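Please read these numbers as outputs of a predicted model, since none were measured by experiment. Chain naming here is simple, since letters A, B, ... match the order of the sequence lines and numbering starts at 1 in each.
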Amino acid sequence: MKLKGLFSTAIAITTGLIVLVGYFVILPPLLDLRIAILNWFIILAAVALFVGLFNLLSVHANKLRNKEKGGIYSLILILSLLVTLILGLWLGPDQPVMASIFNAVQLPAEASLMALLAVTLTYACIRLLRPAQYAGLRSRTNLISAIFLVTALLILLGTAPLPFVGYVPILSDLIRPFIAQVLAAAGARGILIGVALGSLTTGLRILFGADRPYGSDPSRGGK
Amino acid sequence: MAELRCPMCGKPNSDELEKCASCGARLKPLVASSPEDHPPIHPGEEPVKGKTTEFERIPPVSGEKETIQPGEEPTKKDTAELESALPSWLRDLRGQEGQPPPAETAKPVADEGLPPASEPESSPQLSDVKLPDWLAGLDSGAEEEGEIPEWLASIRDQSPIQPGTPAEEEPFLQSEETDWLGRLRQEEEGKPAQPAGGVPPFSPGSKPAAAPPPEGLPAWFPDLKGESAPAKREPGLLPPDETKPSEELPGWLADIHAEPDKGLAAAPAEGGPEPVEELPEWLEKLQAESKTPTRELPNVEVPFEESPDWLAKLQASAFTEEKTPAPSIAPEAEVSTEKAAPESMPPAETPDWLGKLPASAHTEQERPAVSAFIPETPTPSFIPETEAPVKAIPDWLAEFEEGAIPAEVPTPAAPEKTALPAGESESNLPMETPDWLSMLKPERGEEKAPGGAAEKPEIAPAELPTWVQAMRPVEAVVDESEVPQEEEKEETTARGPLAGLSGVLPIGPGLGALRKPQTYSTKLQMTEGQQRHAASLERLVASESEPRPLSGQVRLRSARLLRWVIAFALILVVGLPVVTGIHTVPGAVYPSELSATRDLINGLGANSPVLLVFDYEPALSGELEAAAAPVIDHLLFKGPRLAILSTSPTGPILAEHFMKTTQASHGYQSGQGYVNLGYLAGGPAGVLGFAEDPPATAAYTIEGAPAWQTLPLQGIQKLSDFAAVIILTDNADTGRIWIEQAGPYLSTSPMIMVISAQAEPMIRPYYDSQQVKGLVTGLAGGKAYEQANDQAFQGVGLARRYWDAFSVGLFLAVMMILVGGSWSAIAIWGARRRTVRAASNGGTPVRDGKQVEGA
């Protein structure tokens, strides 16, 4: 299957070059071609969403068919999916029914899960400095943990004013802005630069055919 | 099929075999004469009756009966001509018949059908004694001298077990039988006896022949007889004049003549033998002759039990016990009573070679009277066919016997059996030893073995020659203490050529008694240090295998409880302000980026198209709605035309929820005030495509109607046609994508972002780089924006309602973190302090390479 790999690699490289060149060379045909390619990509991305949906259905269906543990939840998921899908296709996403389903189920569920995060993070911060008193556990007391904890406390204290106290002057005016806008921003900038460089390298690798994420790379199990 | 008993090992064998199947010893003695003429006879066997004519040199007279039946008058014949057929020993005995027997000679017990052993002195009285019918022929035979009674001939047919006599003597056996009678007759008449052959060991009446050796006798035989004459002589046993003829006989033969005297002397003590007066004269003469000092005959044993007593006595009389244990012939019945005979004989009278022989097992009492002329059931020992007992034993044989004789032969393996019985020495004789001698000796030796220890003190130890000493077992020279077990188990060999030696491997199957292998201790040998280390290792291993209390259960319980406590506290603290509406927290800090946002929104004209992008998840809808509500509310005060778009599948519906909950007061309706373009797929590519050509990318609304022909989106063909783009996101990446992909296509249109507090670090650089014109961050930004537009809000805004709860909840979380952290720090400090104390006091268990804390 060498021809298949070669064809896919050619398509990938051609497409990438067209899009890339279209950024630098303003040519109406090239622009139209780029737009068309992007539109195809958008369509394929939407189709990929449906593929994921069908994969989810098959996984849970197999789990239900094999009577595995937690099959009831798979059943509920499948039923919910089918109902929502059918109603959405039939009624439309702007229908009050669909809005009700969303507002009554999905929105509160996800919001609640996010609310638990507050309790979990608080508990984790409390136990961050506790010694390993049980077998198999290692001690969490280390410098990074301590710095993380202190930073979190400063940010929290600087974000909102204290009840009956208000903002702590130095903490709210100087420390927290410095941590958030200088230290954190510096770290963020470094991450962004690294991401940008990595994305550039990955794109060039794909354009050059060195990296074939579309399955034709022998090093990744492709043929 | 008749069985032959092996003379060496004593095991029965077939008659047809020449050699023993077990040990390989010759079953049939080697006979110089043709074996067919003289088939050997073995102990226990019925003698084969045959004609004596084959032994006779004088053909029988035709017409005469060759056989004599019991009760018939024997045919008188001249036996003188038959003397050549007599065994040499018989001839010798006959030669000694002239010697007067001792007065104290014991009479042999007369077996049934056999005359008692006659003393040498009784030989002259043969003529005066009325012989029984079966001996009647003897008188006539003395005259005739050519006739041999059938019974005698039949005796000669049987294979004799002769005392150790050399094989050379066998050729002379043929004439012995014919001569002995003649000699006897001559002796009666005072004629010089012509020994036909060797003097039988049990013929006390025979005299050593002074006449020239008869035909068939070796030349040395007369010399032996002459030597034996002065060899030994028992006092009172032989008259002085009898010593002369005995000088011509070998010493052993002389002893034989003398022994009957002893035996006869002992017989009366036993009370067994008949009185001497009852013996015929010729028999007495024989006895007397046997008492004369003659050479000792080798000790021949009769291995069978049915040997007549007179035969046994003849055997016994053939040995002397003066010097050395002389071999003697005795039936097995009397073997047990055999004693050292040589001791009774003066050593000076026995020849050297005979003196070296093992001591005779007979005592004076046991030595029966010799009755060589009255053989009963022929026994192999006494068949004159073998003249071995009469003939001299070679020196080498004597040495051998002497070497095997001494009772004190040191054999450490069997100290109680070190003494070789007298009879066993004969078994060690070399191959030249006659079979009858070798056959008889071992058995006598076996019987003597148990009593060997008892006989030890009676037998004087002799010096072994070097070559005999070399033959001794290795254990003989090894210290007894080294191999104590073996010494106990080693037995003196009683049979075979190695008879008398100890430490010899048994002939039978196997290699004798098995020794128990040496046992070795299986206990592990360890030093004290190793034991300590092993003990400590064992404790460590045991401690590892010991079950420990499960601390996970405790940990799980405390963690769950703590979480519940935290959750309850937070719920309480956060819910209380919301429920009660209490305001305890002052206003938020007005960040600088809020001013820019307010300015941008204030700069929008009325009915300006604005693109709203709702790219946040339902999970953070609470924060974003609280943060974006004042901004959108401020925006809607400007009456723009809104286009709602989302790159998240839930974005469009969140936008609808937002517009209907927070902006309901403004009365915006979908399709009229705003257009919901729905979900934009493709991620960055979709954003890029929308940025380049919005109508082509998002052509339809969420209702399915063409979007770009609706009122809100009239005249908009590209992204830059929008007056502003406001992006609501909780994800930094999504914001970054919009900034990076759509930013270049906005031209002068500002991009305002309302983000979550978690995305601020990643988005702020873009704000700092002025790629984002306005930035509102989290609940605090919304609170601050509400405060900035307080005049515009009617009532309490969402951010304001959440602000107190947020502040209190945040404060509680901070406090819990501080308290918990302090508690953990104190616990760590205490654990380390305890560890240090434990380490200073003693060893502490190590876990994972570190000391166990809090153990």
Side-chain angles (χ1 to χ4, degrees), chain A residues 31 34-35 38-39 41-43 45-46 49 92-94 98-99 102-103 106-107 109-111 113-114 116 118-123 125-135 138-139 141 149 152-153 156-157 159-164 166-167 172-173 180-181 184-185 187-189 191-192, chain B residues 548 551-552 555 562-563 566-567 570 584-586 588-589 617-622 649-650 652-653 656-657 670 676 681-683 685-686 688-689 692-693 696-697 702-703 736 757 760-762 764-765 768 780 806-811 813-814 816-818 820-821 824-825 827-828 831 853-854:
Chain A
L31 182 59
R34 189 162 71 97
I35 292 172
L38 288 176
N39 292 334
F41 175 78
I42 294 170
I43 298 171
L49 189 62
D94 58 336
M98 297 303 298
F102 177 81
N103 294 331
Q106 186 172 0
L107 187 61
E110 292 190 19
L113 292 175
M114 187 57 67
L116 290 177
V119 179
T120 304
L121 291 177
T122 304
Y123 175 77
C125 290
I126 292 172
R127 290 180 55 85
L128 186 63
L129 299 179
R130 292 186 69 179
Q133 296 179 351
Y134 306 101
R138 294 186 178 180
S139 174
T141 55
L149 188 61
L153 289 175
L156 290 174
L157 289 175
T159 301
L162 298 178
F164 307 105
Y167 288 100
S172 300
D173 300 334
Q181 299 176 7
R189 291 177 181 272
I191 293 172
L192 290 174
Chain B
R548 296 175 185 171
S551 59
R555 180 169 69 91
L562 182 59
R563 285 196 292 266
I566 293 172
L570 287 174
T584 59
V585 180
V589 174
E617 299 295 327
L620 283 90
S621 60
T650 59
I653 199 162
E656 294 290 336
H657 175 76
S670 175
N676 195 344
L688 177 62
E692 291 181 346
D693 190 0
T697 304
I702 191 170
E703 292 86 2
R736 188 166 55 85
E760 178 187 3
M762 297 297 292
R764 179 162 290 277
D768 295 336
F806 172 74
S807 297
V808 175
L810 197 61
F811 175 75
V814 170
M816 285 189 292
I817 290 172
L818 285 174
S824 299
I828 292 170
E853 299 176 352

A:Y123 and B:L562 have their tightest heavy-atom pair at CE1-CD2, 2.9 Å
Value for OG1 (A:T159) from CD (B:E760), rounded to nearest 0.5 Å, stands at 8.5 Å
Honestly, the part of A:I42 sitting under 4.5 Å from a heavy atom of chain B is both
Counting heavy-atom pairs under 4.5 angstrom with chain B, the leader among A:A109, A:A184, A:A45, A:A111 is A:A111
Shortest non-hydrogen pair, A:P161 vs B:S807, comes out as O-CB, 3.6 Å
CZ (B:R563) and OG1 (A:T120) are apart, to the nearest 0.5 Å, by 7.5 Å
To the nearest 0.5 Å, atom CD1 of B:I653 lies from atom CE of A:M98 at 6.5 Å
Fill in: A:N39 vs B:D693 side-chain heavy atoms within contact, under 4.5 Å
no
Taken to the nearest 0.5 Å, the spacing of B:D768 CG from A:R189 CZ works out to 5.5 Å
All heavy atoms of B:M762 vs all of A:A188, minimum pair found to be SD-CB, 3.4 Å
Closest non-hydrogen atoms of B:P765 and A:A185, given as atom of the first, atom of the second and distance, are CG-O, 4.5 Å
Counting heavy-atom pairs under 4.5 angstrom with chain B, the leader among A:L162, A:L116, A:L49 is A:L162
A:I126 and B:S824 have their tightest heavy-atom pair at O-OG, 3.5 Å
One option among B:G689, B:G622, B:A567 has the most heavy-atom pairs under 4.5 Å with chain A, and it is B:A567
Assert top hit (heavy-atom pairs under 4.5 Å, partner chain B, pool A:L149, A:I35, A:L157) equals A:L157
Sequence neighbours excluded, the answer for salt bridge (Lys or Arg N to Asp or Glu O under 4.0 Å) partners of A:R34 is B:E692
Looking only at B:I702, B:L570, B:V808, B:L688, the option with the highest number of non-hydrogen pairs under 4.5 Å against chain A is B:L688
Correct closest heavy-atom pair for A:A160 and B:F806 would be CB-CE2, 3.7 Å
